Amino acid sequence: MPKTASLKIDDQELELPIIVGSEGEKAVDVRKLRASTGYITFDEGFGNTGSCQSEITFINGEEGILRYRGYPIEQLADKSNFIDVAYLVIYGELPTADQRSAFSARLSAESDLTEDMVRFISGFPKSTHPMSVLAASMNGLGAYYPHLATNNHKHDLGHFDDAAAIAMAKVRTIAAHSYRVTRGLPLNSPRAEYGYAETFLHLMFSEPGQDYVPTPEVASAINLFLLLHAEHEQNCSTSTVRMVASAGANLFASASAGVSALWGPLHGGANQAVLEMLTAIHEAGDDGSKFIEAAKNGEARLMGFGHRVYKNHDPRAKIIKGSFDKALESLGIIDDPLLDIARNLEAAALSDDYFISRKLYPNVDFYSGLIMNALKIPVDMFTVMFAIGRMPGWVAQWHEVAANPKSKINRPRQIYVGPTPRDVPDSV
Ligand code: CMC
(Lines give C-alpha, C1' and ligand atoms only; values in the text may rest on other atoms or scores of the structure.)
Protein backbone atom coordinates (compact mmCIF):
# COMPACT_ATOMS: atom_id res chain seq x y z
CA MET A 1 0.00 0.00 0.00
CA PRO A 2 1.61 3.31 -1.08
CA LYS A 3 1.87 5.91 1.65
CA THR A 4 1.40 8.78 -0.78
CA ALA A 5 -0.47 9.60 -3.99
CA SER A 6 1.32 11.49 -6.77
CA LEU A 7 -0.35 14.45 -8.37
CA LYS A 8 1.03 16.21 -11.43
CA ILE A 9 -0.51 19.62 -11.80
CA ASP A 10 0.77 22.23 -14.28
CA ASP A 11 4.49 21.54 -14.10
CA GLN A 12 4.50 20.64 -10.46
CA GLU A 13 4.63 17.17 -8.95
CA LEU A 14 3.18 16.69 -5.52
CA GLU A 15 3.16 13.75 -3.14
CA LEU A 16 -0.09 13.65 -1.15
CA PRO A 17 -0.33 11.49 1.99
CA ILE A 18 -2.77 8.57 2.06
CA ILE A 19 -4.93 8.11 5.15
CA VAL A 20 -6.27 4.60 5.89
CA GLY A 21 -9.15 4.00 8.31
CA SER A 22 -9.53 1.04 10.68
CA GLU A 23 -11.76 -0.74 8.10
CA GLY A 24 -9.32 -0.10 5.26
CA GLU A 25 -11.09 2.95 3.78
CA LYS A 26 -8.59 5.10 1.93
CA ALA A 27 -8.39 8.85 1.45
CA VAL A 28 -5.97 11.20 -0.26
CA ASP A 29 -5.05 13.90 2.22
CA VAL A 30 -5.33 17.19 0.28
CA ARG A 31 -4.94 19.52 3.24
CA LYS A 32 -1.73 21.02 1.84
CA LEU A 33 -2.96 21.13 -1.78
CA ARG A 34 -3.99 24.77 -2.02
CA ALA A 35 -1.02 26.10 -0.12
CA SER A 36 1.34 24.09 -2.37
CA THR A 37 -0.34 24.55 -5.76
CA GLY A 38 -3.07 27.22 -5.59
CA TYR A 39 -5.65 24.55 -6.57
CA ILE A 40 -8.59 23.36 -4.51
CA THR A 41 -10.61 20.16 -4.99
CA PHE A 42 -14.13 20.51 -6.42
CA ASP A 43 -16.74 18.04 -5.17
CA GLU A 44 -20.24 19.50 -5.32
CA GLY A 45 -22.48 17.44 -3.01
CA PHE A 46 -19.38 16.12 -1.19
CA GLY A 47 -19.77 12.59 -2.65
CA ASN A 48 -15.98 12.12 -2.61
CA THR A 49 -15.04 14.25 0.36
CA GLY A 50 -14.11 13.02 3.82
CA SER A 51 -14.88 15.86 6.23
CA CYS A 52 -13.48 14.26 9.38
CA GLN A 53 -12.05 11.17 11.01
CA SER A 54 -14.64 9.58 13.27
CA GLU A 55 -14.77 6.61 15.67
CA ILE A 56 -18.54 6.37 15.88
CA THR A 57 -20.10 4.65 12.86
CA PHE A 58 -18.84 2.52 10.00
CA ILE A 59 -20.83 2.16 6.77
CA ASN A 60 -19.89 0.12 3.73
CA GLY A 61 -22.52 1.16 1.19
CA GLU A 62 -21.45 -1.36 -1.46
CA GLU A 63 -21.94 -4.29 0.92
CA GLY A 64 -24.81 -2.85 2.94
CA ILE A 65 -22.91 -2.81 6.25
CA LEU A 66 -23.74 -0.52 9.17
CA ARG A 67 -21.95 -0.72 12.53
CA TYR A 68 -22.20 1.52 15.59
CA ARG A 69 -18.87 1.56 17.46
CA GLY A 70 -17.97 -1.74 15.74
CA TYR A 71 -21.22 -3.58 16.56
CA PRO A 72 -23.31 -4.73 13.55
CA ILE A 73 -26.72 -3.05 13.41
CA GLU A 74 -28.39 -6.46 12.96
CA GLN A 75 -27.01 -7.69 16.32
CA LEU A 76 -27.87 -4.46 18.08
CA ALA A 77 -31.44 -4.61 16.72
CA ASP A 78 -31.72 -8.22 17.87
CA LYS A 79 -30.10 -8.02 21.30
CA SER A 80 -30.31 -4.49 22.64
CA ASN A 81 -32.66 -1.54 22.85
CA PHE A 82 -32.63 2.15 22.02
CA ILE A 83 -31.31 3.27 25.42
CA ASP A 84 -28.37 0.83 25.31
CA VAL A 85 -27.60 1.91 21.77
CA ALA A 86 -27.86 5.60 22.65
CA TYR A 87 -25.35 5.03 25.47
CA LEU A 88 -23.09 3.07 23.12
CA VAL A 89 -23.18 5.76 20.45
CA ILE A 90 -22.53 8.60 22.92
CA TYR A 91 -20.02 6.95 25.25
CA GLY A 92 -18.38 4.35 22.98
CA GLU A 93 -19.28 1.16 24.91
CA LEU A 94 -22.48 -0.72 25.71
CA PRO A 95 -23.56 0.12 29.27
CA THR A 96 -23.06 -2.17 32.24
CA ALA A 97 -26.19 -2.86 34.31
CA ASP A 98 -25.27 -0.01 36.68
CA GLN A 99 -24.51 2.40 33.87
CA ARG A 100 -27.81 1.50 32.17
CA SER A 101 -29.89 2.20 35.27
CA ALA A 102 -28.01 5.43 36.02
CA PHE A 103 -28.46 6.62 32.41
CA SER A 104 -32.17 5.70 32.37
CA ALA A 105 -32.72 7.38 35.73
CA ARG A 106 -31.04 10.53 34.46
CA LEU A 107 -33.26 10.57 31.36
CA SER A 108 -36.37 10.07 33.50
CA ALA A 109 -35.32 12.87 35.83
CA GLU A 110 -34.86 15.23 32.88
CA SER A 111 -38.04 14.29 31.00
CA ASP A 112 -40.29 17.13 32.07
CA LEU A 113 -40.13 20.69 30.74
CA THR A 114 -40.17 23.83 32.86
CA GLU A 115 -43.42 25.82 32.88
CA ASP A 116 -41.69 28.59 30.94
CA MET A 117 -40.75 26.19 28.24
CA VAL A 118 -44.23 24.71 28.05
CA ARG A 119 -45.56 28.26 27.62
CA PHE A 120 -43.00 28.87 24.86
CA ILE A 121 -44.09 25.73 22.99
CA SER A 122 -47.78 26.50 23.55
CA GLY A 123 -47.29 29.88 21.88
CA PHE A 124 -46.78 28.45 18.40
CA PRO A 125 -49.70 28.78 15.98
CA LYS A 126 -51.68 25.57 15.45
CA SER A 127 -50.66 25.55 11.80
CA THR A 128 -46.95 25.14 12.71
CA HIS A 129 -45.24 21.97 11.48
CA PRO A 130 -43.97 20.01 14.54
CA MET A 131 -40.44 20.03 13.05
CA SER A 132 -40.48 23.81 13.24
CA VAL A 133 -41.48 23.66 16.93
CA LEU A 134 -38.78 21.06 17.55
CA ALA A 135 -35.98 23.02 15.87
CA ALA A 136 -36.89 26.22 17.72
CA SER A 137 -37.33 24.45 21.06
CA MET A 138 -34.08 22.48 20.85
CA ASN A 139 -32.24 25.73 20.33
CA GLY A 140 -34.41 27.30 23.06
CA LEU A 141 -33.08 24.76 25.59
CA GLY A 142 -29.95 26.89 25.70
CA ALA A 143 -32.01 29.76 27.09
CA TYR A 144 -33.37 27.58 29.91
CA TYR A 145 -30.02 25.93 30.70
CA PRO A 146 -27.53 28.73 30.00
CA HIS A 147 -24.73 27.06 32.02
CA LEU A 148 -24.91 24.10 29.57
CA ALA A 149 -25.02 26.30 26.50
CA THR A 150 -21.83 28.29 26.48
CA ASN A 151 -20.41 29.04 23.05
CA ASN A 152 -16.66 28.87 22.98
CA HIS A 153 -14.11 27.73 20.43
CA LYS A 154 -12.59 25.64 23.25
CA HIS A 155 -15.76 23.78 24.24
CA ASP A 156 -16.31 23.29 27.95
CA LEU A 157 -17.09 19.58 28.36
CA GLY A 158 -17.42 19.70 32.14
CA HIS A 159 -21.24 19.59 31.86
CA PHE A 160 -21.42 17.34 28.81
CA ASP A 161 -23.26 14.46 30.57
CA ASP A 162 -25.96 16.85 31.79
CA ALA A 163 -26.37 18.50 28.40
CA ALA A 164 -26.48 15.12 26.63
CA ALA A 165 -29.16 13.78 29.03
CA ILE A 166 -31.22 16.95 28.65
CA ALA A 167 -31.05 16.79 24.85
CA MET A 168 -32.01 13.09 24.81
CA ALA A 169 -34.79 13.32 27.41
CA LYS A 170 -36.36 16.60 26.37
CA VAL A 171 -36.38 16.02 22.60
CA ARG A 172 -39.01 13.35 23.21
CA THR A 173 -41.16 15.56 25.46
CA ILE A 174 -40.85 18.57 23.14
CA ALA A 175 -41.80 16.34 20.20
CA ALA A 176 -44.94 15.01 21.87
CA HIS A 177 -45.91 18.49 23.13
CA SER A 178 -45.43 19.92 19.63
CA TYR A 179 -47.95 17.37 18.33
CA ARG A 180 -50.52 18.14 21.03
CA VAL A 181 -50.08 21.90 20.83
CA THR A 182 -50.61 21.95 17.08
CA ARG A 183 -53.85 19.95 17.61
CA GLY A 184 -55.03 22.13 20.50
CA LEU A 185 -54.86 19.15 22.90
CA PRO A 186 -53.92 19.35 26.60
CA LEU A 187 -50.33 18.33 27.39
CA ASN A 188 -49.35 15.20 29.32
CA SER A 189 -46.59 14.82 31.90
CA PRO A 190 -43.93 12.08 31.65
CA ARG A 191 -44.34 8.98 33.84
CA ALA A 192 -41.26 7.70 35.64
CA GLU A 193 -42.48 4.08 35.52
CA TYR A 194 -42.50 3.98 31.70
CA GLY A 195 -39.57 3.19 29.40
CA TYR A 196 -38.34 5.65 26.76
CA ALA A 197 -40.67 4.55 23.92
CA GLU A 198 -43.67 4.04 26.22
CA THR A 199 -43.19 7.52 27.68
CA PHE A 200 -43.27 9.00 24.19
CA LEU A 201 -46.49 7.15 23.34
CA HIS A 202 -48.08 8.21 26.64
CA LEU A 203 -47.08 11.86 26.10
CA MET A 204 -48.54 11.73 22.58
CA PHE A 205 -51.74 9.78 23.06
CA SER A 206 -52.99 9.80 26.69
CA GLU A 207 -56.14 11.86 27.14
CA PRO A 208 -57.56 13.35 30.34
CA GLY A 209 -59.14 10.46 32.22
CA GLN A 210 -58.02 7.94 29.61
CA ASP A 211 -54.45 6.70 29.74
CA TYR A 212 -52.96 5.38 26.54
CA VAL A 213 -51.54 1.96 27.41
CA PRO A 214 -49.15 0.88 24.64
CA THR A 215 -49.09 -2.80 23.71
CA PRO A 216 -45.62 -4.42 23.93
CA GLU A 217 -45.68 -4.83 20.12
CA VAL A 218 -46.24 -1.12 19.50
CA ALA A 219 -43.61 -0.10 22.09
CA SER A 220 -41.10 -2.52 20.60
CA ALA A 221 -41.78 -1.26 17.04
CA ILE A 222 -41.10 2.33 18.21
CA ASN A 223 -38.00 1.14 20.07
CA LEU A 224 -36.69 -0.57 16.91
CA PHE A 225 -37.45 2.50 14.80
CA LEU A 226 -35.46 4.73 17.19
CA LEU A 227 -32.57 2.26 17.44
CA LEU A 228 -32.24 2.00 13.65
CA HIS A 229 -32.11 5.78 13.33
CA ALA A 230 -29.68 6.41 16.21
CA GLU A 231 -26.64 7.28 14.11
CA HIS A 232 -25.55 7.29 10.47
CA GLU A 233 -22.15 8.99 10.13
CA GLN A 234 -21.75 12.08 7.95
CA ASN A 235 -25.24 12.48 6.48
CA CYS A 236 -26.69 15.94 5.79
CA SER A 237 -28.01 16.66 9.31
CA THR A 238 -24.99 15.20 11.12
CA SER A 239 -22.57 17.13 8.93
CA THR A 240 -24.64 20.20 9.77
CA VAL A 241 -24.32 19.48 13.49
CA ARG A 242 -20.54 19.11 13.11
CA MET A 243 -20.33 22.24 10.99
CA VAL A 244 -22.15 24.30 13.64
CA ALA A 245 -20.14 22.67 16.45
CA SER A 246 -16.91 23.50 14.61
CA ALA A 247 -17.69 27.19 15.03
CA GLY A 248 -17.84 26.70 18.80
CA ALA A 249 -21.65 26.61 19.12
CA ASN A 250 -23.21 24.73 22.02
CA LEU A 251 -24.84 21.30 21.83
CA PHE A 252 -28.45 22.59 21.76
CA ALA A 253 -27.77 25.11 18.97
CA SER A 254 -25.91 22.47 16.97
CA ALA A 255 -28.64 19.82 17.45
CA SER A 256 -31.28 22.35 16.45
CA ALA A 257 -29.43 22.94 13.18
CA GLY A 258 -29.45 19.15 12.70
CA VAL A 259 -33.25 19.10 13.15
CA SER A 260 -33.61 21.76 10.43
CA ALA A 261 -31.44 19.82 7.98
CA LEU A 262 -33.30 16.60 8.75
CA TRP A 263 -36.63 18.21 7.85
CA GLY A 264 -35.79 18.24 4.13
CA PRO A 265 -37.65 15.62 2.04
CA LEU A 266 -34.44 14.27 0.50
CA HIS A 267 -33.25 13.43 4.02
CA GLY A 268 -35.39 12.70 7.12
CA GLY A 269 -38.47 14.31 5.59
CA ALA A 270 -38.57 11.36 3.16
CA ASN A 271 -40.64 9.22 5.55
CA GLN A 272 -43.44 11.81 5.50
CA ALA A 273 -42.97 12.25 1.75
CA VAL A 274 -43.38 8.46 1.23
CA LEU A 275 -46.80 8.49 2.85
CA GLU A 276 -47.85 11.61 0.96
CA MET A 277 -46.69 10.00 -2.30
CA LEU A 278 -48.64 6.79 -1.61
CA THR A 279 -51.75 8.77 -0.69
CA ALA A 280 -51.49 10.88 -3.87
CA ILE A 281 -51.05 7.73 -6.00
CA HIS A 282 -54.10 6.17 -4.33
CA GLU A 283 -56.22 9.29 -4.79
CA ALA A 284 -55.24 9.43 -8.47
CA GLY A 285 -56.59 5.88 -8.92
CA ASP A 286 -53.14 4.61 -9.92
CA ASP A 287 -51.81 1.25 -8.71
CA GLY A 288 -48.27 2.65 -8.79
CA SER A 289 -47.41 1.80 -12.41
CA LYS A 290 -48.06 5.31 -13.77
CA PHE A 291 -45.98 6.79 -10.95
CA ILE A 292 -43.07 4.44 -11.74
CA GLU A 293 -43.15 5.64 -15.34
CA ALA A 294 -43.22 9.28 -14.18
CA ALA A 295 -40.19 8.59 -11.93
CA LYS A 296 -38.32 7.02 -14.86
CA ASN A 297 -39.11 10.04 -17.05
CA GLY A 298 -37.74 12.38 -14.41
CA GLU A 299 -41.22 13.86 -13.75
CA ALA A 300 -41.44 12.42 -10.22
CA ARG A 301 -39.13 11.08 -7.56
CA LEU A 302 -39.86 7.75 -5.95
CA MET A 303 -39.59 8.77 -2.31
CA GLY A 304 -38.06 6.14 -0.03
CA PHE A 305 -35.82 4.83 -2.80
CA GLY A 306 -32.13 5.44 -3.37
CA HIS A 307 -29.36 6.46 -1.05
CA ARG A 308 -26.14 8.43 -1.45
CA VAL A 309 -24.10 5.74 0.29
CA TYR A 310 -26.02 2.44 0.07
CA LYS A 311 -25.67 1.03 -3.44
CA ASN A 312 -26.64 -2.53 -2.59
CA HIS A 313 -29.24 -2.48 0.13
CA ASP A 314 -29.95 -0.32 3.17
CA PRO A 315 -29.42 -2.72 6.12
CA ARG A 316 -31.86 -0.66 8.21
CA ALA A 317 -34.54 -1.18 5.56
CA LYS A 318 -33.94 -4.95 5.64
CA ILE A 319 -34.38 -5.06 9.44
CA ILE A 320 -37.44 -2.84 9.52
CA LYS A 321 -39.06 -4.73 6.64
CA GLY A 322 -38.41 -7.96 8.58
CA SER A 323 -40.35 -6.64 11.57
CA PHE A 324 -42.97 -5.03 9.35
CA ASP A 325 -45.23 -8.03 8.72
CA LYS A 326 -45.07 -8.99 12.43
CA ALA A 327 -46.11 -5.47 13.46
CA LEU A 328 -48.96 -5.38 10.94
CA GLU A 329 -50.18 -8.79 12.09
CA SER A 330 -50.16 -7.75 15.75
CA LEU A 331 -52.08 -4.61 14.83
CA GLY A 332 -54.61 -6.67 12.87
CA ILE A 333 -53.87 -4.80 9.62
CA ILE A 334 -54.46 -7.06 6.65
CA ASP A 335 -55.89 -4.84 3.94
CA ASP A 336 -54.67 -1.34 3.31
CA PRO A 337 -54.71 0.20 -0.18
CA LEU A 338 -51.52 2.18 0.58
CA LEU A 339 -49.73 -1.05 1.48
CA ASP A 340 -50.79 -2.61 -1.81
CA ILE A 341 -49.43 0.39 -3.70
CA ALA A 342 -46.20 0.26 -1.68
CA ARG A 343 -45.77 -3.43 -2.52
CA ASN A 344 -46.43 -2.72 -6.23
CA LEU A 345 -43.87 0.11 -6.24
CA GLU A 346 -41.31 -2.03 -4.49
CA ALA A 347 -41.79 -4.99 -6.86
CA ALA A 348 -41.75 -2.79 -9.95
CA ALA A 349 -38.68 -0.82 -8.88
CA LEU A 350 -36.72 -3.93 -7.93
CA SER A 351 -37.28 -5.49 -11.36
CA ASP A 352 -37.01 -2.39 -13.55
CA ASP A 353 -33.73 -1.64 -15.28
CA TYR A 354 -33.98 2.11 -14.54
CA PHE A 355 -33.79 1.41 -10.80
CA ILE A 356 -31.47 -1.60 -11.02
CA SER A 357 -28.88 0.20 -13.15
CA ARG A 358 -28.88 3.21 -10.79
CA LYS A 359 -28.75 0.95 -7.73
CA LEU A 360 -31.93 2.48 -6.29
CA TYR A 361 -33.23 0.23 -3.52
CA PRO A 362 -35.88 0.88 -0.88
CA ASN A 363 -34.28 2.82 1.98
CA VAL A 364 -35.25 2.87 5.65
CA ASP A 365 -37.78 5.65 5.09
CA PHE A 366 -39.83 3.58 2.64
CA TYR A 367 -40.83 1.07 5.32
CA SER A 368 -40.62 3.31 8.37
CA GLY A 369 -43.29 5.63 6.96
CA LEU A 370 -45.60 2.64 6.46
CA ILE A 371 -44.94 1.31 9.97
CA MET A 372 -45.49 4.72 11.57
CA ASN A 373 -48.75 4.98 9.64
CA ALA A 374 -49.85 1.55 10.84
CA LEU A 375 -49.00 2.58 14.42
CA LYS A 376 -51.28 5.62 13.95
CA ILE A 377 -48.44 8.11 14.33
CA PRO A 378 -49.62 11.25 12.49
CA VAL A 379 -47.81 11.83 9.20
CA ASP A 380 -46.33 15.18 10.21
CA MET A 381 -44.71 13.46 13.23
CA PHE A 382 -42.74 10.92 11.16
CA THR A 383 -39.69 13.15 10.72
CA VAL A 384 -39.95 14.27 14.34
CA MET A 385 -39.65 10.59 15.33
CA PHE A 386 -36.54 10.35 13.15
CA ALA A 387 -35.10 13.35 15.04
CA ILE A 388 -35.76 11.69 18.42
CA GLY A 389 -33.96 8.59 17.19
CA ARG A 390 -31.03 10.53 15.73
CA MET A 391 -30.36 12.60 18.87
CA PRO A 392 -27.70 10.18 20.28
CA GLY A 393 -25.82 10.40 16.98
CA TRP A 394 -25.88 14.19 16.93
CA VAL A 395 -24.78 14.31 20.58
CA ALA A 396 -21.89 11.89 19.93
CA GLN A 397 -20.77 13.70 16.78
CA TRP A 398 -20.95 17.09 18.52
CA HIS A 399 -18.81 15.65 21.33
CA GLU A 400 -16.27 14.31 18.86
CA VAL A 401 -15.81 17.82 17.43
CA ALA A 402 -15.85 19.50 20.83
CA ALA A 403 -13.36 17.08 22.41
CA ASN A 404 -10.85 17.33 19.56
CA PRO A 405 -8.18 19.90 20.45
CA LYS A 406 -7.18 20.02 16.76
CA SER A 407 -10.74 20.69 15.55
CA LYS A 408 -10.89 23.56 13.05
CA ILE A 409 -13.82 25.64 11.89
CA ASN A 410 -15.43 23.94 8.87
CA ARG A 411 -15.14 26.33 6.00
CA PRO A 412 -15.30 24.97 2.44
CA ARG A 413 -14.07 27.02 -0.50
CA GLN A 414 -15.81 27.58 -3.82
CA ILE A 415 -15.18 28.26 -7.48
CA TYR A 416 -16.56 31.71 -8.17
CA VAL A 417 -18.41 31.84 -11.53
CA GLY A 418 -20.10 35.27 -11.17
CA PRO A 419 -19.30 38.51 -13.01
CA THR A 420 -15.69 39.69 -13.19
CA PRO A 421 -14.99 43.24 -11.88
CA ARG A 422 -17.18 45.97 -13.35
CA ASP A 423 -17.93 49.58 -12.44
CA VAL A 424 -21.19 50.75 -10.90
CA PRO A 425 -22.82 53.10 -13.48
CA ASP A 426 -22.89 56.79 -12.52
CA SER A 427 -26.67 56.78 -12.21
CA VAL A 428 -28.23 53.82 -10.46
N1 CMC B 1 -36.52 8.13 -7.79
C2 CMC B 1 -36.19 8.20 -9.12
N3 CMC B 1 -34.94 8.42 -9.58
C4 CMC B 1 -33.98 8.57 -8.65
C5 CMC B 1 -34.23 8.50 -7.28
C6 CMC B 1 -35.54 8.26 -6.86
N7 CMC B 1 -35.85 8.17 -5.56
N8 CMC B 1 -33.08 8.70 -6.59
C9 CMC B 1 -32.12 8.90 -7.51
N10 CMC B 1 -32.66 8.81 -8.75
C11 CMC B 1 -31.93 8.89 -10.03
C12 CMC B 1 -31.52 10.33 -10.33
O13 CMC B 1 -32.53 10.98 -11.09
C14 CMC B 1 -30.25 10.11 -11.10
O15 CMC B 1 -30.60 9.67 -12.41
P16 CMC B 1 -29.67 10.09 -13.69
O17 CMC B 1 -28.36 9.41 -13.45
O18 CMC B 1 -30.42 9.59 -14.87
O19 CMC B 1 -29.58 11.59 -13.63
C20 CMC B 1 -29.60 8.92 -10.40
O21 CMC B 1 -30.71 8.17 -9.85
C22 CMC B 1 -28.64 9.32 -9.29
O23 CMC B 1 -29.36 10.14 -8.38
P24 CMC B 1 -28.75 11.32 -7.51
O25 CMC B 1 -29.85 12.27 -7.19
O26 CMC B 1 -27.52 11.85 -8.19
O27 CMC B 1 -28.29 10.53 -6.22
P28 CMC B 1 -27.88 11.18 -4.85
O29 CMC B 1 -26.89 10.27 -4.23
O30 CMC B 1 -27.48 12.61 -5.02
O31 CMC B 1 -29.25 11.20 -4.00
C32 CMC B 1 -31.00 10.62 -2.59
C33 CMC B 1 -29.56 10.31 -3.00
C34 CMC B 1 -31.34 9.78 -1.35
C35 CMC B 1 -31.14 12.09 -2.22
C36 CMC B 1 -31.95 10.26 -3.77
O37 CMC B 1 -31.83 8.89 -4.10
C38 CMC B 1 -33.39 10.61 -3.45
O39 CMC B 1 -33.81 11.74 -3.68
N40 CMC B 1 -34.22 9.63 -2.93
C41 CMC B 1 -35.57 9.94 -2.54
C42 CMC B 1 -35.58 10.64 -1.19
C43 CMC B 1 -35.29 9.69 -0.05
O44 CMC B 1 -35.88 8.61 0.03
N45 CMC B 1 -34.43 10.11 0.89
C46 CMC B 1 -34.11 9.36 2.09
C47 CMC B 1 -32.73 8.82 2.11
S48 CMC B 1 -32.53 7.58 3.44
C49 CMC B 1 -32.69 8.46 4.90
C50 CMC B 1 -31.54 9.37 5.15
O51 CMC B 1 -30.44 8.89 5.49
O52 CMC B 1 -31.73 10.59 5.03
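Whatever order the structure lists ligands and atoms in, that order sets their numbers, starting from 1. Keep in mind that what you see is a predicted model, and the values were worked out from it rather than measured.
Listed by atom number, the atoms of ligand 1 under 4.0 Å from G304 heavy atoms are 43 (C), 44 (O).
Protein non-hydrogen atoms do not reach within 4.0 Å of atom 23 (O) of ligand 1. For atom 27 (O) of ligand 1, the nearest protein heavy atom lies 4.0 Å away or farther. Checking atom 19 (O) of ligand 1 against the protein gives no heavy-atom contact under 4.0 Å. In this structure, atom 46 (C) of ligand 1 has a protein heavy-atom contact shorter than 4.0 Å. In this structure, atom 31 (O) of ligand 1 is not in close contact with the protein, since no protein heavy atom lies within 4.0 Å of it.
Side-chain contact, Q99 with T96: a donor N or O sits under 3.5 Å from an acceptor N or O. Between the side chains of Y145 and E110, no donor-acceptor pair of N or O atoms lies under 3.5 Å. Judged purely by distance below 3.5 Å, without hydrogens or angles, the side chains of T4 and E15 pair a donor atom with an acceptor atom. Side-chain atoms of N410 and S51 include no donor-acceptor pair closer than 3.5 Å. Judged by distance alone, the side chains of T49 and D43 do bring a donor and an acceptor atom under 3.5 Å apart. Between the side chains of Q397 and T238, no donor-acceptor pair of N or O atoms lies under 3.5 Å.
By the criterion of a heavy-atom distance under 4.0 Å, the side chain of D365, and not its backbone, is placed next to ligand 1. Looking at N363 against ligand 1, only its side chain comes within 4.0 Å, counting heavy atoms.
For atom 43 (C) of ligand 1, the nearest protein heavy atom (residue, atom name, distance) is A270 CB, 3.5 Å. When only non-hydrogen protein atoms are considered, atom 7 (N) of ligand 1 lies nearest to L302 O, 2.8 Å. Ranking protein heavy atoms by distance to atom 5 (C) of ligand 1, first place goes to L360 CD1, 3.9 Å. Scanning the protein for heavy atoms near atom 12 (C) of ligand 1, the closest one is R301 NH2, 3.4 Å. Of the protein's non-hydrogen atoms, R358 NE, 3.6 Å is the one closest to atom 16 (P) of ligand 1. Atom 33 (C) of ligand 1 has R308 N, 3.7 Å as its closest protein atom, hydrogens excluded (heavy atom only). Protein heavy atom closest to atom 34 (C) of ligand 1, with residue, atom name and distance, is G306 O, 3.7 Å. Scanning the protein heavy atoms around atom 42 (C) of ligand 1, the nearest turns out to be M303 CE, 3.6 Å.
Aromatic pair Y194/H202: centroids less than 6.0 angstrom apart. Under the 6.0 Å cut-off for aromatic ring centres, H313 and Y361 do not qualify, their centroids lying 6.0 Å or more apart. Note: H232 and Y310 meet the aromatic proximity criterion, with ring centroids under 6.0 Å apart.
Listed here is the closest heavy atom pair of P315 and L66: CG-CB, 3.8 Å. For E93 against Y87, the heavy-atom pair with the smallest separation is O-CD2, 3.2 Å.
Within a 6.0 Å radius of NZ in K311, other residues, nucleotides and ligands contribute more than 12 heavy atoms. Heavy atoms of other residues, nucleotides or ligands lying less than 6.0 angstrom from CZ of R183 number more than 12.
In this structure, G45 falls outside the shell of residues with a heavy atom less than 4.0 angstrom from ligand 1. For F366, the heavy-atom gap to ligand 1 stays at 4.0 angstrom or more. Residue contact check for ligand 1: N235 places no non-hydrogen atom closer than 4.0 Å to it.
Relative to the ring axis of Y196, R172 places its NZ or CZ within 45° and under 6.0 Å from the centre.
Between K311 and ligand 1, no N or O atom pair is found at a separation short of 3.5 Å. Residue-to-ligand polar distances keep V364 apart from ligand 1: every N/O pair is separated by 3.5 Å or more. By the 3.5 Å distance cut-off applied to N or O atoms, L266 is counted among the residues near ligand 1. Distances between N or O atoms of Y354 and those of ligand 1 include at least one value under 3.5 Å.
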